[in-house]
Amino acid sequence: MSDTAADPRLLRAPPKRGIRLSWADERFRSIIWQILVVGVVVGIVWWLVRNTAHNLEVRRIATGWGFLSREAGLPVAESLIPYSPTDTYARALMVGVLNTLKIAVVGVVVATILGTMVGIARLSKNWLLSRIAAAYIEVVRDLPLLLQLLFWYAILQGLPAPRQALHPVEGVFLSNRGLKLPWIQWQDAHSFALLGLILGIVGAVFYARSARAKQMADGQPRKVWPVAAGLVLGLPVLIWAGLGAPWQGDIPALRGFNFQGGLTITPEYFALLIGLVMYTAAFIAEIVRAGILSVAKGQWEAAEALGLQRGRILRMIVLPQALRVIVPPMTSQYLNLTKNSSLAVAIGYQDIVSISNTTLNQTGQAIEGIAIIMVVYLTISLSISLFMNWYNARIALVER
Amino acid sequence: MSTTMDPAGAAPHLASAARTDAPPAIVLDKVNKWYGSMHVLRDVTLSVATGERVVVCGPSGSGKSTMIRCINRLEQHQEGRIIVDNMELTDDTRSLDAIRREVGMVFQSFNLFPHLTILENCTLAPIWVRHMPKKEADELAMHYLSRVKIPEQANKYPGQLSGGQQQRVAIARALCMKPKIMLFDEPTSALDPEMIKEVLDTMVGLAEDGMTMVCVTHEMGFARQVADRVVFMDRGEIVESGVPEQLFNDPKTDRLKTFLSQILRGH
């Protein structure tokens, strides 16, 4: 055997296989089936479009998007942007989209935190803790979400009226009008402090990176967290204090039959958030548990035998391997939470479904209304999918 | 035994590197351990001298893996004392960290970190435990990877390597911590026959350098060539121990006779 000889496995190419025009040929059969399926799908779509157009014509229903610029006359209880019933349908729908995003974004973040904690608790060696976590998961994921939303809404509706509101701490009121929290009168100093917080976080990340690089160079580990905490907390506080430390509280107070001032979380939003978060967190907990269990015990043992500390093993060995199992099903849960938020309509939280429904009832433009709902959910869902797929590709295990 | 036994068995026995003048590297004094009500280690007493090479054999379930795993506290003993490198193993995490830095371990299932390259597998502990600069850790890792004869695989991932190569990386990874003692827990049991020899050769090389070794294995050829002492365990206790020739050719107890006839018949 000489070293220069070509690899004998590359010398002969595999034989090419032709296709036989016979039902007994698997490849011929599969092509025929595909042609049939495409034909059926095209036929169904053509029939649906033609049927819709015909029915609209017979019933003399106008189509088009002109209604968007008409006055909505539609009251909305809570909105992130200024809105009144004299505004247009377009603006009302925008309010709905923002309300959907408000529940989806907050819900995903809180459900992830709660789910991770419950998942780890279920793996805990503490008997009571793991039992409580298991009971929570079993009860919550076995009951329909709609039932749970109605349950939480009923509980919040059962709270006392504003005059008898629960009042645990100064400035905090819990009543059937929702949760009232103290807030501050926003001034420029607060905006600058917020900017300082962002700068502090960026600075902390850079500091951690440079500390890591320095350790790689000279081997000496550096304590990162005191400096990082100083940057993240200290910078905004310094800026705020430097600008005179303005602190005018916007404390809610009872005026007549309701509260004035402060930050309001409505009972509808609160019930929807609790319901969605509790429900989704149960599924996330199981995903997190499966992810951690998917890392073989031998990985812990090998790392321990090398003298590595537990926290470092978790961060550098276990988590990177667990995440590859956790992230794909987590994406599904985020999508579920977002889409399940449409159940808001049952308890009167005005999300995009609720406002679109009202719009199509008032204008009769059902196709446009449904199309708007579909486009909004598709856009949100595809955005989540794209982001999570990007994240998954980034952390994916390069094994071979 | 297996096909690997004959060449190894024919090789002359390595000169002992055991140093009787130095304090013993490992002392197990009446160690007892239970799994539930199962008494898996029964009054195990064993002293390993610095530079000594001890092979532990015995039927499965005899407690040999449990014993070796107690030495770096992957398992906790419940009674008795274990002293490693003059430090007693206690609940104190500081002594545990110190001992784990001095004791390297090689597992039956390799346990390489699949998401790190071969080089990163080897440099992880030197960087984070020994606080070594990365450049120095890289050089150290390449040195030991050359020693186990796979420096060219440094930038691959464990999944791209054969079993024998992975086990040699696992040995290099442990050596990068410059341990005083190496523990081997059935290092060749998960390997195909043609890969056993490359791993055993690496271990023989280590023995030639005077490393203190405790090795759980059924490779009797390796035991004959390398071991200063063979310890036979059965049902959680040490039944017999002695130099390999004496133990294999002239077993005193029926249990060892039965065990030897079984493993010889199996091959």
Side-chain angles (χ1 to χ4, degrees), chain A residues 3 125 127 208-225 290-328 391-400, chain B residues 68-69 71-75 93 96-117 120-138 155-161 169-170 173-179 181-183 185 190:
Chain A
D3 291 344
K125 286 189 182 121
W127 186 86
R209 285 200 181 169
S210 95
R212 181 81 170 264
K214 279 187 195 145
Q215 180 184 349
M216 290 300 144
D218 68 6
Q220 289 315 304
R222 288 158 173 81
K223 272 221 175 348
V224 172
W225 69 265
I292 292 175
L293 286 180
S294 76
V295 180
K297 199 163 148 255
Q299 294 285 309
W300 277 102
E301 289 180 346
E304 279 174 3
L306 286 168
L308 289 159
Q309 304 283 328
R310 270 191 86 81
R312 193 154 295 290
I313 298 173
L314 198 63
R315 250 188 305 164
M316 304 191 84
I317 307 296
V318 176
L319 215 55
Q321 296 183 60
L323 275 179
R324 89 192 143 138
V325 177
I326 290 174
V327 168
Y391 181 64
N392 192 38
R394 225 179 75 102
I395 56 142
L397 199 49
V398 196
E399 256 181 358
R400 54 192 80 229
Chain B
I68 202 173
R69 287 159 62 87
I71 295 173
N72 66 353
R73 215 174 175 77
L74 289 180
E75 306 278 357
T93 51
L96 180 61
D97 289 343
I99 285 170
R100 283 181 173 165
R101 279 197 287 270
E102 305 308 329
V103 180
M105 185 154 193
V106 176
F107 299 85
Q108 180 177 351
S109 48
F110 328 141
N111 294 347
L112 294 180
F113 307 128
H115 60 301
L116 301 178
T117 63
E120 288 165 344
N121 263 277
C122 293
T123 57
L124 186 74
I127 288 174
W128 293 104
V129 181
R130 289 249 189 255
H131 303 318
M132 200 180 272
K134 184 169 184 299
K135 194 156 161 276
E136 202 179 308
D138 283 349
N155 292 314
K156 290 191 179 167
Y157 287 91
Q160 295 168 301
L161 270 54
V169 172
R173 177 176 71 177
L175 290 176
C176 281
M177 284 297 285
K178 298 196 173 152
I181 300 163
M182 282 287 281
L183 307 175
D185 189 3

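So that the names make sense, note that chain A is the first sequence line, chain B the second, and so on, each numbered from 1.
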Residues Q215(A) and I127(B): closest non-hydrogen pair is NE2-O, 3.7 Å

Between F107(B) and A302(A), which heavy-atom pair has the shortest distance, and what is it?
-> CE1-CA, 3.6 Å

Derivation and outcome, side chain to side chain contact (heavy atoms under 4.5 Å, CB included), residues L306(A) and F113(B) | CA-CA 12 Å; L306(A) 286 168; F113(B) 307 128; 4.1 Å; yes

Could you pull out the closest heavy-atom pair between P133(B) and A217(A), with the gap in Å?
-> CB-O, 3.1 Å

May I have the step-by-step check of side chain to side chain contact (heavy atoms under 4.5 Å, CB included) for L124(B) and L308(A), ending in yes or no?
-> CA-CA 9 Å; L124(B) 186 74; L308(A) 289 159; 3.6 Å; yes

Taking C-beta and beyond as the side chain, do P114(B) and Q321(A) meet within less than 4.5 Å on heavy atoms?
-> yes

Side-chain H-bond candidate by donor/acceptor type, D97(B) with Q309(A), under 3.5 Å | yes

Shortest non-hydrogen pair, H115(B) vs I317(A), comes out as CE1-O, 3.6 Å

Determine the option with the most heavy-atom pairs under 4.5 angstrom with chain A, choosing from K156(B), E102(B), R173(B), R73(B).
-> R173(B)

Supply the atom-to-atom distance K135(B) NZ to D218(A) CG, rounded to the nearest 0.5 angstrom.
-> 13.0 Å

With only heavy atoms counted, which part of A303(A) is less than 4.5 Å from chain B, the side chain, the backbone, both or neither?
-> both

Minimum-distance pair of heavy atoms, taken over all atoms of R100(B) and G307(A) = CB-CA, 4.0 Å

Within a reach of under 6.0 Å around CZ of R222(A), are more than 12 heavy atoms found that belong to other residues, nucleotides or ligands?
-> yes

So what's closer than 4.5 Å to chain A heavy atoms on M177(B): side chain, backbone, both or neither?
-> side chain

Are E301(A) and R69(B) within salt-bridge range, i.e. N to O under 4.0 Å?
-> yes

Please say whether more than 12 non-hydrogen atoms of neighbouring residues, nucleotides or ligands are located less than 6.0 Å from CZ in R312(A).
-> yes

Contact summary for P221(A) and H131(B), nearest pair of heavy atoms = CG-CE1, 3.3 Å

Select one option (side chain, backbone, both, neither) describing which atoms of L112(B) are under 4.5 Å from chain A's heavy atoms.
-> backbone

Against chain B, label A305(A) side chain, backbone, both or neither, depending on which of its atoms sit under 4.5 Å from a heavy atom there.
-> both

